[in-house]
Amino acid sequence: MAKKFLSLLVFSLSVGLGLTACSQNSANLESQKLTLTGSSTVAPLVSEIAKKFEAENPEVRIDVQTGGSSRGLADAAQSLADIGMISRALKDSETDKFKSFAIAQDGIGIILESSNPVQSLNDRQIVDIYTGKIDNWQEVGGADAPITVVNKAEGRSTLELFLKYFELENSQIQADVIIGDNQQGIKTVAGNKNAIGYVSIGAAERDISAGVPLQLLSVGGIEASTETVQNGSFPLSRPLTLVTKETPSGLTKEFIEFAQSEKVHDLVEAQNFVPISPNKLVQKP
Amino acid sequence: MVLILGFLLREALPILQSVGIKAFLTDKTWSPSQQSYNLVPMIWGTLFTATGAVLLATPLGIISALFCQYYAPKAIASGYRRLIELLAGIPSVVYGFWGLVVLVPLINQLHPPGTSLLAGILILTLMILPTIALVADATFAEVPQAYLLGAAAMGLSSWGTIWQIILPASKSGLFTGMILEIGRAIGETMAVLMVCGNVVQTPDSIFAPVRTLTANIALEMAYALDNHRSALFVSGLLLLSVIILLAIAAELVKWDRV
């Protein structure tokens, strides 16, 4: 609806301009369209950024499509899209083919109910808990109670990152509860003192400061917080990245700069991601 | 309705053509990213939660309607009726939230992990209770006064009147109510999603977590692509067909009795 209205606005604007000032050509309008495709993790954030960008630049139209990180790379390589979106950093084999620009960080924290006496778990213990080898809190220094393992539903990007970091297959996980979004995970763990789960760190921190009985465990000895995600020391995190085939110029460059600017930090935080600190930018366009 | 059905068919068709209907029943597991699409555990999940809830809610609903219609003083009956109507209007996510913070921890103390088939059944019972209670109430109100007077004249006890006269006379209405509540129990998504645990498995006890067809769609649709997406539309199609069959059954019951 908003898009339609916007295109109508652009149209009427161009007609109006054309009528009032015939000398002014509208050739520049043709190049004012930007297409982004790729990761379903990045797409919601980029859609929001695009809306804000369109609001500031009414003559621009931005089209955001999902289809997975691999599609983002393929479309950018074949110039089907101006910008590809991927939910990871570029692999070494890809860095010479693409230019990448991180726009946010996504971090995942292990959460327990706050009265659970367990203060830390090492990676081995977490793997054993999720594969069912450890099924009682007593074995990791907690109370004598069975562990409720909370896992994410298939297809969620948090699940992928979790599995990748702990080198697990989803079929190995012996879950007791499977949840959808972060909020459901937080409510499930906060309501069950024997549960263990994992959610976006941004979401967990916000709820903890609002008084929800949760605790975030450190991973690999690194405290889980937006700071450690932001400075890159927290291991269970990844950059959300925009990629282009060529060094960006014109509108593409403008949009990428906008997506990395402080103007969009509120949008990044609203999606439970962590903004990139300016000095951590992988590459400036 | 036809549009929705057509849309579901169109979206589900690619996968029905490429992997066939059999895959949904015989594949090893539900793991769409690895091309296996077994819906059977979720069909069981839906069946068990719905059946359990209907078995619990029907007698409770009928008893509540009898109380309302024949035992309670007028003032209490009308207040009680309002309460039940209110219960019917509570959004399902509120039921789910209540279940998650109250019911699930309670069941967890009994037998972990708490999020379970039992929690689903209890929440659903609560949700469909108003449906059957209100329909039964309306049905009892339509039992002709003459029947009641006749029963009283023959000296039947009030329990005898209910058992011998009222229940047989309102059979078709009660059936319609039951079909309505089955429909609601099968279609309910949010509340069961929140309390059932959503593990894809055929439950081996009432304390085991289950995933229903509706919960499966709600959980995975946002992130599903290609065949995975189509597979979810197939489960939607399945649900819609069950609901249509139920609607037809309800019509048949009505026709049979008029």
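Proteins come first, then strands; the chains are lettered A, B, ... in the order of their sequence lines, and each starts at number 1. Keep in mind that what you see is a predicted model, and the values were worked out from it rather than measured.
Of the listed residues A:T148, A:I179, A:N170, A:D176, the one with more heavy-atom pairs under 4.5 angstrom with chain B than any other is A:D176.
For the pair A:R88 and A:E160, the salt-bridge criterion is not met [side-chain N within less than 4.0 Å of a carboxylate O].
Heavy atoms of other residues, nucleotides or ligands lying less than 6.0 angstrom from CZ of B:F97 number 12 at most.
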| task | Carefully, step by step, assess A:V243 and A:L90 under the rule side-chain contact (heavy atoms from CB on, under 4.5 Å). | result | CA-CA 9 Å; A:V243 293; A:L90 281 179; 3.9 Å; yes
| Stepwise side-chain contact (heavy atoms from CB on, under 4.5 Å) check, A:I126 with A:L121 | CA-CA 6 Å; A:I126 291 174; A:L121 292 168; 3.8 Å; yes
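Proximity to chain A (any heavy atom under 4.5 Å) is shown, for B:V199, by both the backbone and the side chain. Residue A:Q183 does not touch chain B at all, counting heavy-atom pairs closer than 4.5 Å.
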